[in-house]
Amino acid sequence: MTKTRPWRGQRQHPVNLVAAVCLLVVGIAVPLGIAGPHAGVLVPSLVVGFVAGLVWAAGAFALFRPGTASLLLVVGIFGAMFLFTRVLDGWDAALLPWIMCSFAGSVFGAHLRWLVAGRAPM
């Protein structure tokens, strides 16, 4: 039986980190730009989508192996689609920030796990 090594995260290239930050900006800026003068109405749903997507994916990639975390990422996106379009009426605007921030969170979560594992005693 083969023994798998413990996953210690993955060091992210600085370009990946910059791209993840750009995803965060796009996840908020695009819905605000589309809403125009009525953007103030969307702020609560945008903030919920932004924070929840970021925390969901970063937590998944910081705590679980890549295969499990990727599955949780996809399940979270489909769950958010169902939640924001079918259950919570009027929260459709939270979907784009959720998706963009969850992709960015996956980069940050894997990098965070790598940082923590690199400082932990062996």
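Side chains included, hydrogens not; waters and symmetry mates left out as well; all remaining heavy atoms used.
- Tracing side-chain contacts under 4.5 Å through hydrophobic residues (I, L, V, M, F, W, Y), one reaches L46 starting from V55; they form part of the same cluster.
- Minimum interatomic distance between R113 and R65 (heavy atoms only, all atoms of both residues): NH1-N, 4.4 Å.
- Tracing side-chain contacts under 4.5 Å through hydrophobic residues (I, L, V, M, F, W, Y), one never reaches M100 starting from V21; they form parts of separate clusters.
- A distance of 12.0 Å separates CE of M81 from CG of D92, quoted to the nearest 0.5 Å.
- Separation of atoms CG (N16) and CG (L23) is listed at 10.5 Å; rounding is to 0.5 Å.
- Considering every non-hydrogen atom in both L24 and F50, the closest pair reads O-CE1, 3.6 Å.
- The hydrophobic cluster containing L54 also contains L17, counting ILVMFWY residues as joined when their side-chain heavy atoms lie under 4.5 angstrom apart, directly or transitively.
- The two atoms that bring A57 and L73 nearest to each other are CB-CD1, 3.8 Å, heavy atoms only.
- Taking every heavy atom of both residues into account, Q12 and H111 meet most closely at N-ND1, 3.1 Å.
- Below 30°, between 30° and 60°, or above 60°: for F84 and W91 the angle between ring planes is below 30°, a parallel geometry.
- Considering CZ of F82 and CG of L88, their distance stands at 10.0 Å, rounded to 0.5 Å.
- To the nearest 0.5 Å, the span separating CD1 on I77 from CH2 on W56 amounts to 10.5 Å.
- Across all their heavy atoms, G40 and P44 have their closest contact at O-CD, 4.1 Å.
- A 4.5 Å side-chain heavy-atom check between F64 and L71 finds every atom pair outside the cut-off.
- By the rule that hydrophobic residues join a cluster once side-chain heavy atoms approach within less than 4.5 Å of another member, I99 and L72 end up as members of one cluster.
- I34 and V48 end up in the same hydrophobic cluster when Ile, Leu, Val, Met, Phe, Trp and Tyr side chains are linked at under 4.5 Å.
- Note: W98 CH2 to S45 OG = 13.5 Å, rounded to the nearest 0.5 Å.
- Annotation: side chain of F61 is not in contact with side chain of L112 (no heavy-atom distance under 4.5 Å).
- Closest non-hydrogen pair, A104 versus A20, comes out as CB-O, 3.3 Å.
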